[in-house]
Visitor: 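Here's a structure for you.
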Number of protein chains: 2
Amino acid sequence: MLIEQFFDSGLGHASYLVADPDAGVAFLVDPDRQIETYLSAAARLGVLITDSFETHIHNDYVSGSRALGLLRPITVHAGDGAGFAYPHAAHPDGDEIKVGEIVVRCIATPGHTPEHVAYLVSDLRRADDPQYLFSGGALLVGQIARVDLLGPKQAAELARAAYETLRERVLILADYVAVCPTHGGGSACAAEVAGSRWTTLGFERKHNRIARLASEDFESFRSAITEGLPVAPAYYPRVRDLNSKGAPAATRTRLPFVREMGPDVVRIDPRPPHIFGAGHRPGALNVVANDSFAVRVGATVPFGAPIVILTTDPEQAERLR
Amino acid sequence: MLIEQFFDSGLGHASYLVADPDAGVAFLVDPDRQIETYLSAAARLGVLITDSFETHIHNDYVSGSRALGLLRPITVHAGDGAGFAYPHAAHPDGDEIKVGEIVVRCIATPGHTPEHVAYLVSDLRRADDPQYLFSGGALLVGQIARVDLLGPKQAAELARAAYETLRERVLILADYVAVCPTHGGGSACAAEVAGSRWTTLGFERKHNRIARLASEDFESFRSAITEGLPVAPAYYPRVRDLNSKGAPAATRTRLPFVREMGPDVVRIDPRPPHIFGAGHRPGALNVVANDSFAVRVGATVPFGAPIVILTTDPEQAERLR
C-alpha cells in the first residue's frame with residue numbers, strides 16, 4: 001500500500017492518493033480540482049483510481065471528486081450526512097469499503113462540520129489492524145479544525161461534537177496509528193497548525209494541546225479552540241454550496257488580456273509592498289503573490305466580484321489565476 | 001518540520017530531505033547520486049541543505065553525500081565506525097546534532113552492517129520528544145535488512161548484533177515514533193519488504209514478524225532472518241568500497257552511439273522475453289527494462305564489464321543508463 005500526499009501550500013490543503021499497486025487500484029482522499037495531478041500520479045504508479053473519499057463538505061477549496069466522477073466511473077464516498085446533490089455512496093458510521101486489499105472504515109467524527117467523517121485504513125496485505133487515519137479536520141498536527149465556520153449558532157453545538165469526537169472516536173485509537181489530515185499549515189480552517197504535514201496518534205495525544213484538553217472538562221477545551229483563529233475568507237459559504245452540488249472540472253482555457261477595465265473590477269497588484277508603495281494603479285489592492293495569496297484574496301474581495309491581476313509576468317499570471 | 005521521501009523503485013532505495021523551513025535549512029538522510037533532485041526540492045521549499053546523514057556504508061547504491069560535499073559546504077555525518085576516507089563528522093552513540101530547530105540523535109544500531117547507525121529526530125518547535133526514526137536498515141516495513149552481505153564469517157556476529165539492536169535500541173522506542181527506512185520494496189538488501197514506504201514503531205512491534213521474534217530466543221530470530229533472501233548483486237562489495245572512499249558526482253555527458261562492439265562487451269537486450277525469444281542479436285542477454293533492471297543487471301554481469309544496452313528508444317536509453 002502506497003500513500004502519496006499532495007499539499008497546496010496556498011490553501012494549506014492536503015489530499016492523498018492511496019494505492020494498492022498489486023491490485024492495480026487506488027483511491028483519493030479529499031482531492032482538489034487539480035485532478036490532472038492525481039491522474040498522472042496514478043499513471044506513474046500503474047494504478048486505476050476507482051474511488052474518492054470526502055471527509056466533509058469543504059469550505060476552503062473546490063473538491064475534485066465530482067469532476068473526476070464526470071470523467072471516469074469512480075465512486076464518491078462521504079458520510080451519510082453530507083447529502084451531496086450528485087451520485088455518491090453515503091456511509092453511516094462503521095461502514096467498511098474495500099479498494100483492492102485496502103479496507104477503509106468510515107467513522108462519524110462531527111465537529112469541524114456536522115457531516116464530518118474520518119477514514120481509518122488497514123492494509124490487508126499486512127494486517128486487518130488499522131494503521132492510517134485520514135482525519136480530515138478531526139485531528140490536525142498540533143490542532144483540530146475550527147468549529148465556527150457555519151456561524152455562531154452552530155458553533156456551540158459543534159464545539160461539543162468536536163470534544164466528544166476526540167474523546168470517543170479519535171483518541172481511543174492506538175498510538176501507532178499514522179494521522180494524515182486534510183488541513184495543514186496555512187489553512188484558514190484552523191488556528192495555527194504545526195509544521196509537519198502528518199503525524200501519529202500517540203504523539204498528538206501527548207503533545208497536541210487541544211487533544212490533551214479533550215480529556216479534561218469541556219469548558220477549558222471550548223475556550224482553547226476559539227484562540228488564534230484567522231479571518232474566515234468570505235467565499236467559504238459559497239464554496240460549501242458549490243461542493244454540495246458538485247463542481248465540474250475547472251476550465252483551463254487561456255484568460256484574455258484586459259485592456260479596458262470597468263469600474264466594478266477589483267484590481268489586485270501582486271508586487272511586494274515596498275514596490276507597490278512607490279507607485280501603483282489608482283484603486284489597486286496590494287495582495288502579495290506569496291503562498292497565502294488565495295486565502296488573502298478570499299478574505300478581502302467579495303465572492304463573485306470580477307478580479308483583474310495586474311502583472312506583466314505570464315508565469316505569475318498562470319500561477320495566480 | 002517537513003519530510004520529503006524520494007524513492008528509487010529500481011533499487012528499492014528511500015532517501016529523505018528533512019527541512020526546517022522557518023530556519024531556512026534542511027538535511028538529507030542517505031541521499032543517492034541524483035543530487036539535483038534534492039537540490040531542486042530544497043529550492044522549492046526555500047531551504048539550504050547544510051548536512052547529510054549516512055546510516056551506513058551502502059552496498060546497493062552510490063551515495064550522493066560526498067558529491068554534494070564537493071559542491072556545497074555541507075557536513076556529512078556517520079557513525080564513528082564508518083571511517084569514510086573523506087571529511088565527515090563521526091558520531092559515537094548518543095551524539096546530538098542540531099539543524100535549525102531539529103535535533104538528530106545518533107543511535108548505534110549494528111546488524112545490517114557493523115558501523116550502522118539510526119537517527120532519532122525531534123522537532124523542537126513541537127517537543128523535545130523524538131517523533132521520527134530514520135532507521136536505515138535497522139527496521140524496515142515488515143522486515144529488517146539482511147546481515148549476510150559482508151560474507152558468511154561476519155554474518156553470525158551481525159545476526160547477534162541485529163537481535164540486540166532491535167531489543168535494546170529500536171523496540172524500546174515509543175509506539176508513536178514514525179519509522180522512515182532506507183531500504184524498501186525491491187531492495188536486494190532485504191528479504192521481501194511490505195508495500196508501504198514508511199510505518200510506525202508500534203505497528204511494527206505488533207505486526208513485523210522479525211521484530212516480534214526479537215523478543216523471543218535468538219535461534220528463532222536467526223533462522224527467520226535467513227529466509228527468502230534475494231541474490232546479492234555482484235557489484236555490492238565494489239560499491240561499498242566506492243562509498244567508503246566517497247564517490248564524486250556522476251557524469252551526465254551524452255553516451256556515444258556504438259556501431260562496432262568488441263567481443264568482451266556484454267550486450268543487454270531490454271525488450272520483453274516474448275519479443276526477445278522471437279529473435280535477438282547473437283550473445284545478447286535478456287534483462288527486461290522494468291523496475292528491477294539495475295538490480296538484475298548487477299546480479300548478472302561482472303562488475304566493471306563494458307555493457308551496451310540494445311535499444312532504439314532514446315528515452316529508454318536515458319532511463320536505463
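Chain A is the first sequence line, chain B the second, and so forth, proteins listed ahead of strands; every chain is numbered from 1.
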Visitor: With a 6.0 Å cut-off (strictly less than), is the heavy-atom count around CD of E216(A), excluding the residue itself, greater than 12?
Guide: yes
Visitor: Quick check: closest heavy atoms across L2(A) and G195(B), and the distance to 0.1 Å?
Guide: CD2-O, 3.1 Å
Visitor: In terms of heavy-atom proximity below 4.5 Å to chain A, should F7(B) be classed as side chain, backbone, both, or neither?
Guide: neither
Visitor: Any chance you could measure R205(B), atom CZ, to Y176(A), atom OH, to the nearest 0.5 Å?
Guide: 10.5 Å
Visitor: Heavy-atom cut-off 4.5 Å, strictly under: side chain, backbone, both or neither for D20(B) against chain A?
Guide: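 Neither; nothing under 4.5 Å.
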Visitor: Nearest 0.5 Å, please: how far is CH2 in W198(A) from CH2 in W198(B)?
Guide: 5.0 Å
Visitor: Does a side-chain heavy-atom distance below 4.5 Å link R126(B) with E204(A)?
Guide: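 Heavy-atom side-chain distance check passes, below 4.5 Å.
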Visitor: At a 4.5 Å cut-off on heavy atoms, which part of S9(A) comes close to chain B: side chain, backbone, both, or neither?
Guide: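 Neither; nothing under 4.5 Å.
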Visitor: Could you tell me the separation between the OG1 atom of T199(B) and the OH atom of Y132(A), rounded to the nearest 0.5 Å?
Guide: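 It is 5.5 Å, given to the nearest 0.5 Å.
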Visitor: Can you tell me how far NZ of K206(B) sits from CD of Q131(A), rounded to the nearest 0.5 angstrom?
Guide: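 Q131(A) CD to K206(B) NZ: 11.0 Å, rounded to 0.5 Å.
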Visitor: Does atom CZ of R212(A) have more than 12 heavy-atom neighbours, drawn from other residues, nucleotides or ligands, at distances under 6.0 Å?
Guide: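 At most 12 heavy atoms, drawn from other residues, nucleotides or ligands, come within 6.0 Å of this atom.
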Visitor: Would you say that more than 12 heavy atoms from the other residues, nucleotides or ligands in this model lie under 6.0 Å from the CZ of R105(A), or not?
Guide: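 Check passes, neighbour count above 12.
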Visitor: Under 4.5 Å between any side-chain heavy atoms of S196(B) and D123(A), yes or no?
Guide: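 Yes. Closest side-chain heavy atoms under 4.5 Å.
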Visitor: Can you see which heavy atom on F203(A) is nearest to which on P130(B), and at what distance?
Guide: CE1-O, 4.4 Å
Visitor: For D22(B), is it the side chain, the backbone, both, or neither that has a heavy atom closer than 4.5 Å to a heavy atom of chain A?
Guide: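 D22(B) has no heavy atom closer than 4.5 Å to chain A.
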Visitor: Crowded around E192(A) CD? As in, over 12 foreign heavy atoms under 6.0 Å?
Guide: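 Not more than 12 within 6.0 Å, no.
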